[in-house]
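Let me begin by presenting the structure, written as structure tokens, before commenting on it.
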Amino acid sequence: MGEALRVALAGLGTVGGGVIRLLDTNGELIARRAGRPIEVVAVSARDRSKDRGFDLNRFDWVDDPAELARHAGADVVVELVGGSDGPALALARETFKAGKSLVTANKAMIAHHGLELAKAAEAANLALKFEAAVAGGVPVIKGLREGAAANEIGRVYGILNGTCNFILSKMEAEGRDFADILAEAQRLGYAEADPSFDIDGVDAAHKLSILASLAFGTQPAFGEVGITGIRHVIAADIAEAAALGYRVRLLGIADSAPGGGLFQRVHPHLVPVSHPLAHVTGSTNAVVAEGNFVGRLLFQGAGAGDGPTASAVVADLIDIARGEFGPPYAMPADA
Ligand code: HSE
């Protein structure tokens, strides 16, 4: 058994707590799979006194998350602070300057600054991993970067926001009001701190721009995504769609344009009931990728929540523990 991979963890909310519980529960199995244990040695969060169901005294406590980057006892930083800029971005930049690898679930930061961070990671031969940033526990980043790496991808699309899918499928099944169901999604921990990011399609657009750059080898271009959310979908739209043989789903779609270029858009779509995406309900996410040799791939599973998202974060840590990581965007960032 090799030496432990020592982790500094910023953010002890839903996902951070899930990472600690997962490592506590499956630590021995993970050590066997990775060839070495994975241990959290230091943490940072907003409120030290909050009861999270585990003993914080096991870890070094750091007030300023950016200090985790310089923590002498840590090899890798996990960023679960959130937000495209501010403390999360400062921590990410500091992490590479300090010669450590970074795992993040932060789709907003990767959508806006992923290329800069990938260049910094590659220049220092470090890992930047973000499986948890898209579709929660579903290994779609790994699927595109590795499993489908031999293919030219013609189109990638799917249900990328659990909150919106939860709302639309409940409106469909129960005929309830939008606001009432949003409150339920917030209670269940699916919604963003600012739920307008969910219902206005911004969160799905962050994720789509990450998938698109992986699938097409293009620069991440969040600003080029056309976005319409689900705020104006009413029960009558859903009933009328059903009468015509469709379901309403918020989809993100990226496809190559004839003659070059890329279309990226997020908006409510009419999905025929014969299509697998019409049967994806609740907070489940599903991504379809079409490769020129593999054909149609469907990745589906829990897109939010502590367990699934922690599963993706720890999968990235296992890759780093094994020393198995390539360029973050599947090809060198300069390409
Ligand atoms: N707010 C996000 C969603 C959480 O509802 O899908 C997971 O990224």
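Numbering of ligands and ligand atoms starts at 1, following listing order. Small disclaimer: the values here were computed from a predicted structure and weren't measured. Just the heavy atoms: all of them, side chains too, but no hydrogens, waters or symmetry mates, feed the values below. We number each residue from 1, following the sequence as shown.
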Assess whether a salt bridge exists between Lys129 and Glu324, defined as any Lys/Arg side-chain N lying under 4.0 Å from an Asp/Glu carboxylate O.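 Judged by the 4.0 Å cut-off on N to carboxylate O distance, Lys129 and Glu324 do not form a salt bridge.
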
Contacting atoms of ligand 1, where contact means under 4.0 angstrom from a heavy atom of [X]:
X	answer
Asp198	1 (N), 2 (C), 3 (C), 5 (O)
Gly162	3 (C), 5 (O), 6 (O)
Glu192	1 (N), 2 (C), 4 (C)
Lys207	2 (C), 3 (C), 6 (O), 7 (C), 8 (O)
Gly303	7 (C)
Lys107	2 (C), 4 (C), 7 (C), 8 (O)

Taking every heavy atom of Pro195 against every heavy atom of Leu182, the minimum-distance pair comes out as CB-CD1, 4.1 Å

task = Of the side chain and backbone of Asp203, name the one, both, or neither that has a heavy atom under 4.0 Å from an atom of ligand 1.
result =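 It is the side chain that touches ligand 1; the backbone stays farther off.
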
So ring pair (Phe, Tyr, Trp, His ring centres under 6.0 Å) across residues 279-335, not counting sequence neighbours, yields Phe130-Tyr329

Option set Thr284, Thr163, Ile159, Val134, criterion heavy-atom distance to atom 5 (O) of ligand 1, minimum
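That would be Thr163.
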
Ser101 side-chain N/O to Ala127 backbone N/O, donor-acceptor pair under 3.5 Å
yes

Applying side-chain contact (heavy atoms from CB on, under 4.5 Å) to Ile234 and not counting sequence neighbours gives Ala236, Asp237

Practice problem: Determine, using the 4.5 Å side-chain heavy-atom cutoff (strictly less than), whether Val314 and Ile141 are members of one ILVMFWY cluster. | Solution: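 In one cluster with Val314: Ile141, no.
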
